[in-house]
Amino acid sequence: MNERISDKAALDAAHAVHPHTNLRRHLQSGPNMIVKGDGIEVIDAQGKRYIEGAAGLWCAALGFGSERLGEVAKQVMTEIGYYHTFRGASTPWVSDLSAKLGAIAPKGLDKVLLQTSGSEANDTAMKLVWSFWEAQGEPSRVKIISRHNSYHGTGALTSQLTGKANFHVGFGPGFDRFRYVTEPYYYRKALEGETEAQFSSRLAQELDEMIQAEGPETIAAFWAEPVIGSGGVFTPPEGYFPKIQAVLDKYGILFVADEVICGFGRTGEMWGCQTYGIRPDMICCAKSLSAAMLPLSAVLIGERVFEAMLNQSDKYGSFAHGYTYGGHPVSCAVAAEVLTIYEEMDLIGHVKSIEPAFVQGFESLRDHPLVGDVNAVGLIGCTELVADKQTKAKHAPEVQITARFEAAALERGLITRNIGNRIALSPPQIITAAEVEEMFTRYRDTLDAVAKEIA
Ligand SMILES: Cc1ncc(COP(=O)(O)O)c(C=O)c1O
């Protein structure tokens, strides 16, 4: 078994090109080969088990491996395997999933456009935004405002929508339709003595000033994850979204909520928009939609945008957009079954019952000498590691604090998501209270071991 795996590792190093990986280093080091999953754990080639505290890429809502979903996939693959949704074609699996998703969507967002990935959903939503403004007779509204350190994908356009600076270098010049405002990173971006509410007001004012400086007639949409995920896990400070929404309403600017991570209970409600009182014009979702068992995403479209799509379709003859695999019947059947499982397990009730232990787990780390900041809601949270709690000074790069944490956590059978000095958890939504306790025991042990190592 191990020999076979090490052959696979060699093949991987020789041929597989890995995203978000140092490619030269990978040629030598090869992959971390994961060979099996079991509940919230994954198992590596040596048989070591890890709590997957990041649910893969914030997505494996039901954990790893599922006979039930495997049976559903097998049946649909056997019956049809593939059909498309172009030119009015459909399958029962597309109809069923669209209806199920429409039924749990926030009010007024029950038109469902199925896609394959989170990047695709955001890219499509951008085209719908531009199409909307053209339909309104305001084609000069093309600029989109997102936030620094937001994450919306890595397509040619979505990597520009993404506010992470490292996504904007190395691939040639960007496009001039994107603007970025300060992200709600209270720990480092708030002024001395500023309350959360004051910080939120200042960020809303910054947005208002940007809109005025650019010209409201040029601004098409504002884009936001309810909780910024891959940019560092920033839960919004008190009053943030209502204040932002008020500014957008003033200028009639569309609000697109990227719920690729936050959707399906991650923040304690079905949608992050419900947790934070956001009234979006569109929602992009993916990941937990299919519990990541198969690639699937969707854009949930609100009334005014859909009305514009109808008008554009009248004008141009059809909605000239779509992907071969959008609404793939096998993915749709699996996702519909995932939504049934969510109903059976009372997903939201379950997350709400686990949330106090999860948030308390993070809060209990606040007193740790390495921990400067803590952010947590629902089943997503993080700490920020600092060298000095009082001054918030970061560790010198040569300390390699995050790499040390990662290695020590793996030793203790815990996989976390590390973003700079912020160490995040977003476990599968099926996690139990006992598993949460075990996860935080390993997290704290890791912190203690790292503190000792660098003392
Ligand atoms: C909030 C958010 N939007 C979009 C994406 C992109 O999704 P994908 O990797 O499926 O293209 C991600 C991926 O992590 C994400 O976290």
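Read the numbers this way: they start at 1 and go in the same order the structure lists the ligands and their atoms. Excluded from the calculations below are hydrogen atoms, water molecules and symmetry mates; all remaining heavy atoms, backbone and side chain alike, are included.
- Within the 4.5 Å cutoff, side-chain heavy atoms of Phe358 are placed close to those of Phe440.
- Side chain of Glu41 to backbone of Gly37: no donor-acceptor contact under 3.5 angstrom is found.
- Arg202 has no carboxylate O lying under 4.0 Å from a charged side-chain N of Glu206, or vice versa, which leaves the two without a salt bridge.
- A salt bridge links Arg422 with Asp373; the closest basic N to acidic carboxylate O contact falls under 4.0 Å.
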Please test Lys36 against Asp44 for salt bridge (Lys or Arg N to Asp or Glu O under 4.0 Å), starting from the C-alpha separation and ending with a verdict.
CA-CA 7 Å; Lys36 197 172 158 43; Asp44 73 11; over 6 Å; no
Show me the donor-acceptor pairs within less than 3.5 Å that the side chains of residues 329-338 make with the rest of the protein, sequence neighbours left out.
| from | atom 1 | to | atom 2 | distance (Å) |
| --- | --- | --- | --- | --- |
| Ser331 | OG | Pro295 | O | 3.3 |
| Glu337 | OE2 | Arg68 | NE | 2.8 |
| Glu337 | OE2 | Arg68 | NH2 | 3.1 |

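- When heavy-atom distances to ligand 1 are checked against 4.0 Å, the residues falling inside are Ser117, Gly118, Ser119, Asn122, Tyr151, His152, Gly153, Glu225, Ser230, Asp258, Val260, Ile261, Lys287, ordered by chain and number.
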